[in-house]
Amino acid sequence: MNPTPSGADGAPGTAAPAEEPFDLLGVGIGPFNLSLAALADGVPELTAAFYDQRPDFRWHPGLLIDGATLQVPFLADLVTLADPTSRWSFLNWLRGRDRLFPFYFAERFHVHRAEYDAYCRWVAQALPTTHFGQQVDSVRWNPARALFEVDHTHVDAHGEAEALARTYARHLVIGVGTRPHVPEPLRPLADSPAVPVVHSSRYLQERERLLAAEHITVVGSGQSGAEVFLDLLRQRPPGRERITWLARTPAFAPMEYSKLGLEHFTPDYTRYFHQLAEPVRDRLVPQQWQLHKGIDTETISEIHDELYRRSLEGGWPDAVLAPGVSVRTAGRLGTQSVELHVEHAEQGTRTRLVTNAVVLATGYEERPLDRLLDPLAPYVGRDASGRPQIDARYRMRLDPSVSGRIYVQNAERHTHGVGAPDLGLAAWRSAVVLNDLTALLTGTEHYRLPDRTAFTTFGLPGPAPAGGPGAGQGTGQGTGAGAGAADTAQELSRTAELRRG
């Protein structure tokens with residue numbers, strides 16, 4: 001059995017002695033908390049540990065399809081956009097494997113997903129602060145010690161409990177990630193032992209089973225749906241493809257990838273979005289689906305090229321691509337088929353589709369934090385929809401009696417916008433968190449972050465609404481929101497003078 005992680009004390013079932021609490025304890029080790037762990041490794045005055053119940057790091061293993069690439073440039077690794085000199089950079093990983101020159105000549109701006117996964121596993125295995133096989137069970141606030149108590153279970157590679165432990169920490173960061181989203185009509189069919197109805201997160205594990213089906217249906221119009229459809233198409237013989245691709249969106253639309261459109265994934269836009277009124281933010285997020293739920297144009301081209309190639313002998317491939325269609329209900333037909341009742345939004349027509357396998361490329365949803373943080377529920381501030389309030393520096397709003405801070409990673413889309421799950425903002429958000437902590441502990445922010453990151457001016461200058469989301473909050477940067485507004489005002493004033501002149 002592995003030794004009890006540093007900072008754990010003698011909770012029931014353990015005999016470990018009490019030790020000094022950590023400054024920061026992370027729950028979950030996905031790319032975002034791994035980014036934080038890597039950047040924290042360069043902060044000598046900070047003690048930190050990160051726990052994850054899995055036996056090791058794995059990043060979307062079911063979607064590491066041959067040739068699939070990240071949708072962000074390689075500079076969006078765990079550290080570079082906050083600290084290009086870090087030893088945990090992607091380029092340093094390449095250098096350690098004598099692959100810098102092959103990468104240089106490949107001229108690849110977007111790296112393979114499998115390559116990104118291998119890079120992250122290298123970081124996770126080498127960092128001394130990452131502890132796998134540690135299942136966090138509950139978190140409480142101990143007012144007598146002014147510390148968080150974190151109860152966790154050491155589990156083996158098969159998920160079996162081996163020992164209980166308790167760790168103390170001054171501050172927490174929650175990065176438990178997302179979980180596959182299965183639409184309500186299809187939940188009773190998921191994981192059927194007879195007819196495969198699987199989420200795309202398990203696509204590679206289930207691919208042979210899926211390919212054995214006579215007819216396959218893919219549900220979902222995003223990048224994962226496109227990649228799964230393309231991979232299945234390439235595996236089926238011409239003329240006998242027997243694949244249907246359904247999407248609720250009115251078209252198989254390209255992802256917004258214009259240079260100015262991408263500025264929605266900058267800290268500037270994040271700050272702007274955070275200061276908007278809650279109803280405005282809630283209205284904006286679904287409207288911006290094409291920023292993060294579209295398909296990259298290269299994949300769209302590859303799909304069209306594959307379909308076109310299959311039409312060269314005359315005739316059409318046996319593949320149906322149907323946008324604007326949603327699944328209303330579903331049910332089993334015997335042991336070999338599934339019946340999907342579908343509706344076309346624009347026509348208002350309904351029909352049924354009988355298929356032998358379904359891949360749900362229906363995205364992911366934030367994991368609820370309520371179970372983990374249930375003992376802290378009385379201390380957590382909530383918005384009008386019951387969601388945790390998250391301030392500009394990614395801190396949950398807690399009762400003033402709790403002196404510790406709880407930061408969140410990829411659980412703040414409702415307060416910070418579409419950039420919350422984006423890998424390109426990982427290093428910046430991690431640096432904001434660390435700057436907030438180091439300013440508290442030492443009076444100095446450790447990482448120098450830019451005051452401006454976009455050419456676009458988001459919003460107009462002026463005071464934030466009274467009691468609005470920006471009131472009394474920092475911006476997560478060295479300058480405050482007021483400084484950004486002043487810069488904007490000066491810029492608009494200069495523009496007006498030029499026009500008058």
> For Tyr394 and His274, what are the C-alpha separation, side-chain angles and deciding distance, and is it a ring pair (Phe, Tyr, Trp, His ring centres under 6.0 Å)?
Replying inline: CA-CA 10 Å; Tyr394 302 96; His274 188 269; 8.2 Å; no
> Would His60 and Tyr203 count as a close aromatic pair, with their ring centres under 6.0 Å?
Replying inline: no
>> Quick one, Val408 and Met396 - any side-chain contact, counting heavy atoms below 4.5 Å?
In response: yes
> Ignoring hydrogens and geometry, is there a side-chain-to-backbone donor-acceptor pair from Asp436 to Arg393 under 3.5 Å?
Replying inline: no
> At their closest point, which heavy atom of Asp156 faces which heavy atom of His158, and how far apart are they?
Replying inline: OD1-N, 2.9 Å
>> Within the 4.5 Å heavy-atom criterion, are Lys293 and Thr249 side-chain neighbours or not?
In response: no
>> Could you walk me through whether Ile29 and Gln134 satisfy the side chain to side chain contact (heavy atoms under 4.5 Å, CB included) test, starting with their C-alpha distance in whole Å, then the side-chain angles of each, then the deciding distance to 0.1 Å, before giving a yes or no?
In response: CA-CA 11 Å; Ile29 309 176; Gln134 297 293 335; over 6 Å; no
> Taking the side chain from Arg429 and the backbone from Ala420, do they hold a donor-acceptor pair closer than 3.5 Å?
Replying inline: yes
>> Strictly distance-based, threshold 3.5 Å: is any side-chain N or O of Thr438 a donor or acceptor partner for the main-chain N or O of Asn435?
In response: yes
> Do Arg121 and Asp117 sit within salt-bridge range, that is, some charged N less than 4.0 Å from a carboxylate O?
Replying inline: yes
> Are Thr266 and Asp268 close enough that a side-chain donor and a side-chain acceptor fall under 3.5 Å?
Replying inline: no
>> Surrounding CD of Glu298 (heavy atoms of other residues, nucleotides or ligands, distance under 6.0 Å), is the total greater than 12?
In response: no
> Tell me, do Ile300 and Pro254 make a side-chain contact under 4.5 Å, heavy atoms counted?
Replying inline: yes
> Would you say the side chain of Arg108 lies within less than 4.5 Å of the side chain of Glu115, judging by non-hydrogen atoms?
Replying inline: no
> How about Asp282 and Arg387: do any of their side-chain heavy atoms sit closer than 4.5 Å?
Replying inline: yes
> Relative to each other, are the rings of Tyr119 and Tyr116 parallel, tilted or perpendicular (30° and 60° limits)?
Replying inline: tilted
>> I want to check something: taking the side chain as every heavy atom from C-beta on, are Glu365 and Arg179 in contact at a cut-off of under 4.5 Å?
In response: yes
> So, for Asp77 and Phe90, which heavy atoms are closest and what is the spacing to 0.1 Å?
Replying inline: OD2-N, 2.8 Å
>> For the CZ atom of Arg281 and the CZ atom of Arg283, what is their distance to the nearest 0.5 Å?
In response: 12.5 Å
>> I need the Glu227 CD to Glu302 CD distance, nearest 0.5 Å.
In response: 9.0 Å
>> Between Glu412 (side chain only) and Asn410 (backbone N and O only), is there a donor and an acceptor less than 3.5 Å apart?
In response: yes
> Should Phe458 and Glu263 be marked as a side chain to side chain contact (heavy atoms under 4.5 Å, CB included) after you check the CA-CA gap, both sets of side-chain angles, and the distance that decides it?
Replying inline: CA-CA 10 Å; Phe458 296 105; Glu263 291 194 340; 4.3 Å; yes
>> Determine whether a donor-acceptor pair (N or O, by modelled atom type, separation under 3.5 Å) exists between the side chain of Glu306 and the backbone of Arg234.
In response: no
> Looking only at heavy atoms, which two atoms of Tyr269 and Leu284 are closest? And how far apart?
Replying inline: OH-CD1, 4.0 Å
> Which heavy-atom pair separates His416 from Thr270 by the least distance, and what is that distance?
Replying inline: CD2-CG2, 3.6 Å
>> The criterion is side chain to side chain contact (heavy atoms under 4.5 Å, CB included); which residues satisfy it with Phe109, sequence neighbours excluded?
In response: Pro73, Phe74
>> Would Thr167 and His131 count as a side chain to side chain contact (heavy atoms under 4.5 Å, CB included) here? Give the steps.
In response: CA-CA 13 Å; Thr167 297; His131 303 278; over 6 Å; no
> Under a 4.5 Å cut-off applied to non-hydrogen side-chain atoms, are Leu376 and Phe148 in contact?
Replying inline: yes
>> Tell me if the CZ atom of Arg207 is crowded by more than 12 foreign heavy atoms within 6.0 Å.
In response: yes
> Are a donor atom and an acceptor atom from the side chains of Asp391 and Gln389 found within less than 3.5 Å of each other?
Replying inline: no
>> Assess the residue pair Trp59 and Cys120 against the criterion (side chain to side chain contact (heavy atoms under 4.5 Å, CB included)); give the C-alpha distance rounded to whole Å, side-chain angles, the decisive distance to 0.1 Å, and a yes or no.
In response: CA-CA 8 Å; Trp59 184 73; Cys120 287; 5.6 Å; no
>> When you measure from the side chain of Arg367 to the backbone of Val176, do you find a donor-acceptor pair of N or O atoms at a distance under 3.5 Å?
In response: yes
> How are the rings of Tyr51 and His152 set relative to one another: parallel (under 30°), tilted (30 to 60°) or perpendicular (over 60°)?
Replying inline: tilted
>> With heavy-atom distances below 4.5 Å as the criterion, would you say the side chains of Trp141 and Leu172 are in contact?
In response: no
> Between the side chain of Arg140 and the main-chain N/O of Glu149, is any donor-acceptor distance below 3.5 Å?
Replying inline: no
> Quick check, are the ring centers of Phe273 and His264 under 6.0 angstrom apart?
Replying inline: no
>> Is it the case that over 12 heavy atoms from other parts of the model lie below 6.0 angstrom from the CZ atom of Arg95?
In response: no
> Roughly how far, to the nearest 0.5 Å, is NE2 of His446 from CZ of Arg448?
Replying inline: 13.0 Å
>> For Gly419 versus Phe265, what's the shortest heavy-atom pair and its separation?
In response: CA-CD2, 3.8 Å
>> So does Glu162 get a backbone contact from the side chain of His154, meaning a donor-acceptor N/O pair under 3.5 Å?
In response: no
> Closest heavy-atom contact between Ala226 and Ile303?
Replying inline: O-CD1, 3.7 Å
> From Ser201 OG over to Leu360 CG, what is the distance, rounded to the nearest 0.5 angstrom?
Replying inline: 9.5 Å
> Measuring from Arg413:CZ to Ile390:CD1, what's the distance to the nearest 0.5 Å?
Replying inline: 14.0 Å
>> Does Tyr257, at its OH atom, have more than 12 non-hydrogen atoms belonging to other residues, nucleotides or ligands within less than 6.0 Å?
In response: yes
>> Measuring from atom OG1 of Thr129 to atom CZ of Phe22, what distance do you get when rounded to the nearest 0.5 angstrom?
In response: 9.0 Å
> Is the backbone of Pro388 close enough, under 3.5 Å, to the side chain of His414 for a donor and an acceptor to pair up by distance?
Replying inline: yes
Exercise answer: donor-acceptor pairs, residues 30-50 side-chain atoms, under 3.5 Å, sequence neighbours excluded:
residue : atom : partner : partner atom : Å
Asn33   : OD1  : Gln409  : NE2          : 3.2
Asn33   : ND2  : Val27   : O            : 3.3
Asn33   : ND2  : Gly28   : O            : 2.8
Ser35   : OG   : Leu78   : O            : 2.7
Ser35   : OG   : Ser430  : OG           : 3.0
Asp41   : OD2  : Arg87   : NH2          : 3.1
Asp41   : OD2  : Trp88   : NE1          : 3.0
Thr47   : OG1  : Asp23   : N            : 2.9
Thr47   : OG1  : Asp23   : OD2          : 3.2

>> Please tell me whether Gln223 and Asp296 have a donor and an acceptor in their side chains that are separated by less than 3.5 angstrom.
In response: yes
> For the side chain of His171 and the backbone of Ser403, is there at least one donor-acceptor N/O pair under 3.5 Å apart?
Replying inline: no
